[in-house]
Enquirer: 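Below you will find the structure I want to go over with you.
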Amino acid sequence: MTTQTTDTSNTPGKVLVAPKAHIEHVVRDLDEAAYLRLMRVVREVALAVESVFRPERTYVYSLGSQRGNAHLH
């Protein structure tokens, strides 16, 4: 997995988590074990971000495109 923080001037704590392999569909194109690893990383990152920024809630978005770059924000 790869994580990337983005310019936080507009969205403090925004983080992108993406599989290293290029995939188009985060649910269909990952086997169950890979999907669960991805979700585990997303949870670990979210808890770390929450411990620093203390948000009211955390949102998880699953995005992708025809170019094969499914990722989660």
Enquirer: Is it possible for you to say whether V41 and L47 belong to one hydrophobic cluster, with membership spreading through side-chain heavy-atom contacts below 4.5 Å?
Expert: no
Enquirer: Hey, what do you get for CD (E50) to CZ (R43), rounding to the nearest 0.5 Å?
Expert: 9.5 Å
Enquirer: Give the intermediate values and the outcome of side chain to side chain contact (heavy atoms under 4.5 Å, CB included) for residues T58 and V49.
Expert: CA-CA 9 Å; T58 295; V49 169; over 6 Å; no
Enquirer: Measure the spacing between CD1 of I23 and OH of Y35 and express it to the nearest 0.5 Å.
Expert: 10.5 Å
Enquirer: Can you name the nearest heavy-atom pair linking G13 to F53, along with the distance?
Expert: CA-CE1, 3.4 Å
Enquirer: Looking at every heavy atom in both D31 and A34, which two are closest together, and how far apart are they?
Expert: OD1-N, 2.8 Å
Enquirer: Roughly how far, to the nearest 0.5 Å, is NZ of K14 from OH of Y61?
Expert: 9.5 Å
